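Data block below; observations after.
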Amino acid sequence: MYSSSIIKKSCLNLKSTLRQTINLSILDTHLLPQCQSINQFNQILSQMLLTGFIKDTFAASRLINLSTHSTFIPFHYSLQIFNILHNPNGFIWNTIMRSHLERQNSPHHSLYLYRLFLVSCNAFPDNYTYPILLRCCVARSSEFEGREIHCHVVKLGFDLDVYVRNTLMNLYAVCGNMVSARKVFDESPVLDSVSWNTILGGYVQMGDVKGAEFVYSRMPEQSTIASNSMIVIFGRTGCVARARQVFDEIQRKDMVSWSALVSCYEQNDMYEEALVLFVDMNANGIMVDEVVVVSAISACTHLSIIKAGMTIHALAVKTGIEAYVSLQNALIHLYSSCGRIMDAQKLFNDGFLLDQISWNSMISGYLRCGSIEDAKTLFYSMPEKDVVSWSAMISGYAQYERFSEAVALFHEMQLHGIRPDVTALVSVISACTHLAALDLGKWVHAYISKNKIQVNIILGTTLIDMYMKCGCVENALEVFYAMEQKGVSTWNALIIGLAMNGLIEKSLHMFADMKKSGTLPNEITFMGVLGACRHMGLVDEGRHYFSSMTVEHKIEPNVKHYGCMVDLLGRAGFLKEAEELIESMPMAPDVATWGALLGACRKHQNNEMGERVGRKLIQLQPDHDGFHVLLSNIYASKGNWGDVLEIRGIMAQHGVVKTPGCSMIEANGVVHEFLAGDMTHPQKNDIERMLDVVAEKLKIEGYAPTTSEVSLDIDEEEKESALFRHSEKLAVAFGLIIIAPPTPIRIMKNLRICNDCHIVMKLISKAFDREIVVRDRHRFHHFKHGSCSCMDFW
DNA sequence: ATAGGGTTAG
């Protein structure tokens, strides 16, 4: 029998052997990385449990440290080991708290453990503990908890440790409290490079250029890191030249130095410079990573240079960084905004965890290339829609003239409680303009005022345009005068709008004001000015403005300007001069130019020229309905039914269908549509009766229908009845029923108002004492007391 | 006796 002391002794020997073996062979620092799998780890762990070696705090420390640093060991495993340890030392506590923060991203657990740590036996927080805890506070962005930790630091006497002080500084800086951060900095007995970088980084993050410059200028050594920070803050505050200067002065530029400058250019809309620098960076053999590549791609997107973008994409693939989400997003944005929707779609479909911007840029990409349905499908399948998604979709509808859908979506957006941004507002107002939905337009305007939304140039101009095109000149002027900043487009909307509403003198006056204000007129402005002259037949003024374009403003007239002049001259009866002007044009006259001349021939009954021009036009654009109709009208007015039939034949041959006249009228927020001869309206009986009343009253006023323009070879009575069912007459009858005076009856027509309807509207305005506003495809007619604002010239 | 901690930037 062995005595117990011998057993004890041999056990001790065994233990020490084991300890040495295991300690040296497995737990030694240099051999630790050899543990490569959970199996190997389990072997070590079970050996230690079996031998009781686990109770050795030093060995346990190594083990815990190993486990928390190995990705193949789940964190809860480490936690279990921690829980069976009897007396974890400070090192173990620190390790497990750090692991909670870094691996679990649960800083609150670390802070909770700290409380247990404080009351545990045989272990005390040390100077390593506090940087961890302070990082936890940063992760929770809790300055309050940070202050508490700061108190402990001071009480326990660790506040002279430079690591602790640097972390404290960082905490205050991240929480935006630069005063406290600066206090810690200023009161530090020892400052190392990290201290300087930290305080500098704080100012950079706050966007405090002065603070950053102050720190930078006083640094004992302006490291690359610090210079990089300066490039960043100069870039963010628009000081591009200074950023460049700092960059040039860096002795040893690293990847971030280059990258920061690329991004500085990119953020300041200097996309060419950004790309040049990116190329330069490559030429200098600097490594690139996903961040700088994203900047470069974004520059390509802004410049719409798809080729460079694709080259960079290839570079990214070669570098092996193509899987980064930020890069995927940037590429999707690039491809979708450059019209390569298929490439974008592929990336999008393969993409994983793509951000909101990708969804939005796919939607705008689809819309850009006209795939509205795809955009719509994507829009409705999005997990989350933000204002940008809604705005993109609404403006897409508006751009493709799907105005009622734009308005409907705007309403839907309201129901979802999304506050519209300026883009959405602009789109919906423009939709209102086209739908003549004045009520909604006014509502949107009120919404803008109520919510104090800044009316920028675009929004203001859109509002002016809307009011002008709805015939509300006063409201338009009000918007105009209230605008702080005005652009060319603003003046243009005003000039064109006034002219359109018959206020020619005022329109030309505004043009003079515009010149006085120093805003340079452009091609559109002259469309408005010449248009104004045209509306009133101001031939001399028109000639003057036309020649002033080249002489005074250095603007070459385009086809449209010529067309306008031809129209002006032609209408005034200067047919010969008009035709000569066409022949003198430096560019090929377009269909509209000839069309203007044809219209003039019709008006001045120059049938010889009319037929010549008409035939030419039909050849030029065989599928245009208007010219056939005009020409056929010329024949019809002469009773030349044979030629009328021939034109009809040509029309049938080319499948030309006369665009049906269509008038819209808004009543109580609902837009009603009437087609010529269309009697499908639910209130058709009332309308029918009202038409009879109108006919009665007009007869008293001495009205006789102008049937000569009806080019149908039918008898007079039928002609009269067809004439009396023109869409604008149906609309006005409906308006007389449903809109109570003194509200004007507002009608919008797709074609130009015909002569007969114009007469009828004047008579109605007198006989019923109503104000009627008709907007045809050209301009406005304000009927009041039997006369029209166009003075019968249109 | 011993291991471990902090900052910044595109």
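Below, chain A is the first sequence line, B the second, and so on; all start at residue 1. Keep in mind the model is a prediction, meaning the values are calculated, not measured.
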> Expressed in angstrom and rounded to an integer, what is the separation of L66(A) atom CG from dG4(B) atom P?
Replying inline: 13 Å

>> If I take atom CD1 in residue I132(A) and atom P in nucleotide dT7(B), what distance separates them, rounded to the nearest angstrom?
In response: 11 Å

>> In whole Å, I'd like the distance from the NE2 atom of H100(A) to the C1' atom of dG5(B).
In response: 18 Å

> For the pair made of CD1 in I64(A) and P in dT2(B), what is the distance, rounded to whole Å?
Replying inline: 22 Å

> Over how many whole Å does the gap from L134(A) atom CG to dG5(B) atom C1' extend?
Replying inline: 11 Å

>> Tell me which residues in residues 303-329 of chain A lie within less than 4.0 Å of DNA chain B, going by non-hydrogen atoms.
In response: none

>> Rounded to whole Å, please give me the gap between CG in L261(A) and P in dG10(B).
In response: 13 Å

> How many Å lie between CD1 on I233(A) and C1' on dA9(B), as a whole number?
Replying inline: 12 Å

> With a non-hydrogen cut-off below 4.0 angstrom, is T167(A) in contact with a base, only sugar-phosphate, or nothing?
Replying inline: sugar-phosphate

>> Over all strands shown, is M255(A) touching base, sugar-phosphate only, or nothing at heavy-atom distances under 4.0 angstrom?
In response: base

> Is R244(A) salt-bridged to D248(A), cutoff N-O under 4.0 Å?
Replying inline: yes

> Under 4.0 Å between a side-chain N/O of N170(A) and OP1 or OP2 of dT7(B), yes or no?
Replying inline: yes

> Rounded to the Å, how far apart are M270(A) CE and dG10(B) P?
Replying inline: 19 Å

> With sequence neighbours left out, which residue pairs that include part of residues 169-193 of chain A fulfil the ring pair (Phe, Tyr, Trp, His ring centres under 6.0 Å) condition?
Replying inline: H150(A)-Y172(A), F185(A)-W196(A)

> Using a cut-off of 4.0 Å on non-hydrogen atoms, how would the nucleic acid contact of V232(A) be classed: base, sugar-phosphate, or nothing?
Replying inline: sugar-phosphate

> Hey, does V262(A) reach any base, or is it just sugar-phosphate, or nothing, if we go heavy atoms under 4.0 Å?
Replying inline: nothing

> Do the two ring centres, one from H152(A) and one from Y114(A), sit under 6.0 Å apart?
Replying inline: yes

> Are the side chain of N166(A) and the backbone N or O of V162(A) linked by a donor-acceptor pair below 3.5 Å?
Replying inline: yes

>> Heavy atoms only, 4.0 Å cut-off, all strands: where does N94(A) land among base, sugar-phosphate and nothing?
In response: base

> At under 4.0 Å, does any side-chain N or O of R236(A) touch on OP1 or OP2 of dG10(B)?
Replying inline: yes

>> Among residues at least two apart in sequence or on other chains, which ones pass side-chain hydrogen bond (donor to acceptor under 3.5 Å, both in side chains) with S263(A)?
In response: Q267(A)

> When only distance counts, do a donor and an acceptor, one from the side chain of D161(A) and one from the base of dG5(B), lie under 3.5 Å apart?
Replying inline: yes

>> Is the shortest side-chain heavy-atom distance between Y130(A) and D161(A) below 4.5 Å?
In response: no

>> Does atom CG (N105(A)) have a neighbourhood of more than 12 heavy atoms from anything else shown, all under 6.0 Å?
In response: no

